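Here the structure comes first, spelled out in structure tokens, and everything after it is commentary.
Letters A, B, ... are given to chains in the order of the sequence lines, protein chains preceding strands, and every chain is numbered from 1. Because the structure is a prediction, the values reported are computed rather than measured.
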Amino acid sequence: MRIATWNVNSVGARIDRVVEWLESAKPDVVALQELKCTDDAFPHLPIQAAGYEAVTLGTGRWNGVAILSRVGIADVTRGLVGQPDFDGAAEPRAIGATCGGVRVWSLYCPNGREPGHEHYNYKLEWFKALNATVQSELAANPDQPFAAIGDYNIAPTDADVWDISQFIDSTHVTAAERAALTELEELGLSEVMPRSLKGEPFTFWDYRNGSFHRGWGMRIDLIYGNSAFTSRVTDAYIDRDARKGKGASDHAPVVVDIS
DNA sequence: ATGCCCTATGATATAGGA
């Protein structure tokens, strides 16, 4: 079974590319982030025409997550256990579903903006809610394959950004953010490292400053799984080609194959 | 080569992204 995660930066603006990618990569399950649309506006018709059903959580202009599947979607959960509000609202950043026997979460973790910012504190609180959700689900079904995949907005190590000296006093690389990943690992999750098909192993390149052709990228779209999941992994890769050309998302898909 | 920002919004600027 092939599972993928992709921050598409607006599913409406990207729908043709998304459908084209589904047809070429042939994933069975896809976690999408940054839909930037309401549930009502989600483009179900072209997704269905490509052979997938979709469950979504979207409120409009910002955020939004979905899971696409051609192997069934059951037991859909929207939001996290104890998820914090931001600016008085629960943002659409997490959706979980069981697809083909695998429990999958599509995650769009908060950015944080800058260390010490209200949004940074929200980011750390959000990860506590993710931790509580993962802990609860792993305890309920310890033998079921479980994958928490998406845009984590954290680079796990200094090697996961193009130049760590550019990240002094920046989010995505702080000890507190990385500690949130360590705490997920302490629950029994571990990261599936994707290989790079060609070029540097990043998953995001800013639109600005020609970052993509300069190799100024970051690896922030991550695959975490429990041992029932990771023991079945046969391959994982970053589809960097999907970042090329006009009309691309600023993120590349990350794909994992399991037996 | 992949080439120097993009998206949605009660828009004609602004917020957010990372």
**Item:** Selection from B/dC4, B/dA18, B/dG16 that lies nearest to any side-chain heavy atom of A/F204
**Value:** B/dA18

**Request:** Report yes if at least one side-chain N or O of A/H251 is closer than 4.0 Å to OP1 or OP2 of B/dA18; otherwise report no.
**Result:** yes

**Prompt:** Once the angle between the rings of A/W205 and A/F212 is folded into 0 to 90°, is it parallel (under 30°), tilted (30 to 60°) or perpendicular (over 60°)?
**Reply:** perpendicular

**Asked** Does a side-chain N or O from A/Y120 land closer than 4.0 Å to OP1 or OP2 of B/dA18, or not?
**Response** no

**Request:** Look at the side chain of A/K36 and decide which nucleotide, out of B/dA8, B/dT2, B/dA15, has an atom nearest to it.
**Result:** B/dA8

**Prompt:** Looking at A/R219 and A/E191, does any basic side-chain N land under 4.0 Å from a carboxylate oxygen?
**Reply:** yes

**Prompt:** Within the pair A/N153 and B/dA18, is there a side-chain N or O less than 4.0 Å away from OP1 or OP2?
**Reply:** yes

**Fill in**
note: A/W62, atom CH2; B/dA11, atom P; distance rounded to Å ~ 14 Å

**Asked** Can a salt bridge be assigned to the pair A/R17 and A/E20 using a cut-off of 4.0 Å between side-chain N and carboxylate O?
**Response** no

**Request:** Answer yes or no: does a side-chain N or O of A/R14 lie under 4.0 Å from OP1 or OP2 of B/dT7?
**Result:** yes

**Asked** To the nearest angstrom, how far is A/N111 atom CG from B/dA18 atom P?
**Response** 6 Å

**Request:** Give a yes/no on whether any side-chain N or O of A/R113 is located under 4.0 angstrom from OP1 or OP2 of B/dG17.
**Result:** yes

**Complete:** Picking from B/dA18, B/dC4, B/dT7, the nucleotide nearest the side-chain atoms of A/A13 would be B/dT7

**Asked** Under 3.5 Å, is there a donor-acceptor pair between the A/T234 and A/D257 side chains?
**Response** no

**Prompt:** Reckon A/N7 touches a base, only the sugar-phosphate, or nothing at all at heavy-atom distances under 4.0 Å?
**Reply:** sugar-phosphate

**Asked** Contact class for A/Y108 vs. all strands (heavy atom < 4.0 Å): base, sugar-phosphate, or nothing?
**Response** sugar-phosphate

**Asked** Contact class for A/D206 vs. all strands (heavy atom < 4.0 Å): base, sugar-phosphate, or nothing?
**Response** nothing

**Request:** Please tell me which of the listed nucleotides, B/dC6, B/dT2, B/dT9, lies nearest to the side chain of A/R240?
**Result:** B/dT2

**Message:** Could you walk me through whether A/Q166 and A/W216 satisfy the side chain to side chain donor-acceptor pair (under 3.5 Å) test, starting with their C-alpha distance in whole Å, then the side-chain angles of each, then the deciding distance to 0.1 Å, before giving a yes or no?
**Reply:** CA-CA 10 Å; A/Q166 300 296 311; A/W216 293 357; over 6 Å; no

**Prompt:** When all nucleic acid strands are considered with a 4.0 Å heavy-atom cut-off, which category describes A/T171: base, sugar-phosphate, or nothing?
**Reply:** nothing

**Prompt:** Is a donor-acceptor pair below 3.5 Å formed from side chain A/R214 to base B/dT2, judging by atom type as modelled?
**Reply:** no

**Prompt:** What is the nucleic acid contact for A/D151, judged by heavy atoms within less than 4.0 Å: base, sugar-phosphate only, or nothing?
**Reply:** sugar-phosphate

